[in-house]
Amino acid sequence: MKNELLRHTISTIKYRFDRSIKGSHQAFIDFSLGRGSRSPNEILHHMCDVIYSTRFFIEHESLPEEKIEKLSFENEIERFNTELSKVDQILNKKNLDINYSKRLVQGPFSDLLTHIGQIAMLQRLVDNPIEGEDYSRSKIKTGIKD
């Protein structure tokens, strides 16, 4: 399998993302800790921009010039999942060297996991904590299907 670890990382991001948004309600979507902090919807929009830019960079070796439009929380979720799937499909076809792979892990993939943690923390603050789990034992299957 090409880029197996990168593809497994994408599947891990998807798994953790799904858990972090489970049970989201309207009060959560626009919840803010105060001036200068992002709401869950703003965090998710940024995550969509990160994964879109990552896909674009892998495909074109440059960053996109246009910014993605802001969507509703539900549509941002759909866009994020679609972009994750597209990145997974690209990684399944295009073999990347180790230095390129390291850049993806230390840059956008780690950034996405950080923001998923922020969403999880915000869920706890609106009284919707994520159920604990030993993530090292999670049943994560490499490869994302649309």
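Position 1 is the first residue of the sequence, and the numbers go up from there. Since this is a predicted model, take the numbers as computed values, not measurements.
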Q: Working note: D49 + K67, criterion side chain to side chain contact (heavy atoms under 4.5 Å, CB included); need CA distance, chi angles, decisive distance, verdict.
A: CA-CA 8 Å; D49 187 50; K67 292 288 183 191; 4.2 Å; yes
Q: F73 vs F28 aromatic rings, parallel, tilted or perpendicular, using cut-offs 30° and 60°?
A: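 Perpendicular: the ring planes of F73 and F28 meet at over 60°.
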Q: Taking all heavy atoms of L33 and all of F31, pick out the closest pair and write down the distance.
A: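 The pair with the smallest heavy-atom distance is CD2-CE2, 3.8 Å.
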Q: Check for me, please, whether L113 and L91 land in the same ILVMFWY cluster - side-chain distances under 4.5 Å, paths through other members count.
A: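 Yes; L91 is reachable from L113 via cluster members.
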Q: The test is side chain to side chain contact (heavy atoms under 4.5 Å, CB included); show your working for F17 and N81 and say whether it passes.
A: CA-CA 9 Å; F17 174 70; N81 286 326; 3.9 Å; yes
Q: Any donor-acceptor pair under 3.5 Å linking the side-chain atoms of H115 with those of Q118?
A: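 Judged by distance alone, the side chains do pair up.
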Q: May I ask you to decide if S20's main-chain N or O and Q123's side chain share a donor-acceptor pair within less than 3.5 Å?
A: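 Yes.
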Q: Could you check if a side-chain atom of L44 sits within less than 4.5 angstrom of a side-chain atom of R38, using non-hydrogen atoms only?
A: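 Heavy-atom side-chain distance check fails, nothing below 4.5 Å.
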Q: Quick one: closest heavy-atom pair of P40 and I29, and the distance?
A: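 Of all heavy-atom pairs spanning P40 and I29, the closest is CD-O, 3.4 Å.
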Q: Do the side-chain N and O atoms of T142 and S11 include a donor-acceptor pair separated by under 3.5 angstrom?
A: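 No - no donor-acceptor pair under 3.5 Å links their side chains.
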Q: Please report the closest heavy-atom contact between S62 and F56, naming both atoms and the distance.
A: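 In this case the closest contact between S62 and F56 is O-CD2, 3.1 Å.
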Q: Can you confirm whether N92 sits close enough to N3 that some side-chain heavy atom of one is under 4.5 Å from a side-chain heavy atom of the other?
A: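 Side-chain contact under 4.5 Å: no.
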Q: May I ask whether L63 and I68 are part of the same hydrophobic cluster, defined by side-chain heavy atoms of I, L, V, M, F, W, Y residues being less than 4.5 angstrom apart, directly or through others?
A: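 No; I68 is not reachable from L63 via cluster members.
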Q: Working to the nearest 0.5 Å, report the span between CD1 of I21 and CD1 of I130.
A: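 Rounded to the nearest 0.5 Å, the CD1-CD1 separation comes out at 10.0 Å.
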Q: Take F80 and E83, measure what side chain to side chain contact (heavy atoms under 4.5 Å, CB included) needs, and give me the verdict at the end.
A: CA-CA 5 Å; F80 184 73; E83 287 296 330; 5.8 Å; no
Q: Can we say R79 and E76 salt-bridge, meaning some charged N sits less than 4.0 Å from an Asp/Glu carboxylate O?
A: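 The answer is yes: the pair qualifies as a salt bridge.
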Q: List the steps and the verdict of side chain to side chain contact (heavy atoms under 4.5 Å, CB included) for I43 and L122.
A: CA-CA 11 Å; I43 293 169; L122 292 171; 3.7 Å; yes
Q: Taking only Lys NZ, Arg NE, NH1 and NH2, and the carboxylate oxygens of Asp or Glu, determine whether K14 and D18 approach each other closer than 4.0 Å.
A: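 Answer for the salt bridge query: yes.
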Q: Could you tell me if Q89 and S85 have a donor-acceptor pair between their side chains, going purely by distance under 3.5 Å?
A: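 Yes - a donor-acceptor pair under 3.5 Å links their side chains.
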Q: Looking at every heavy atom in both R7 and G143, which two are closest together, and how far apart are they?
A: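 For R7 and G143, the tightest heavy-atom pair comes out as NH2-CA, 3.4 Å.
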Q: Heavy atoms only: give me the nearest R16-I116 pair and the separation to one decimal.
A: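 Shortest heavy-atom contact: O-CG2, 3.6 Å.
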Q: Which pair of heavy atoms, one from H25 and one from V126, lies closest together, and at what distance?
A: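 Of all heavy-atom pairs spanning H25 and V126, the closest is NE2-O, 3.9 Å.
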Q: Short question: side chain of R19, backbone of E131 - any donor-acceptor pair under 3.5 Å?
A: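 Yes, because the side chain of R19 sits within donor-acceptor range (under 3.5 Å) of the backbone of E131.
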Q: Enumerate the residue pairs fulfilling salt bridge (charged side-chain N to carboxylate O under 4.0 Å, His left out) with a member in residues 97-114, sequence neighbours excluded, ordered by first and then second residue.
A: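 Pairs touching residues 97-114 that pass the test: none.
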Q: May I ask you to check whether E133 and S138 show a side-chain donor-acceptor distance below 3.5 Å?
A: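 A pair is found: one side chain offers a donor N or O, the other an acceptor, under 3.5 Å apart.
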Q: For residues I13 and I51, determine if any side-chain heavy atom of one lies less than 4.5 Å from a side-chain heavy atom of the other.
A: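 They are not in contact (no side-chain heavy atoms under 4.5 Å apart), so the answer is no.
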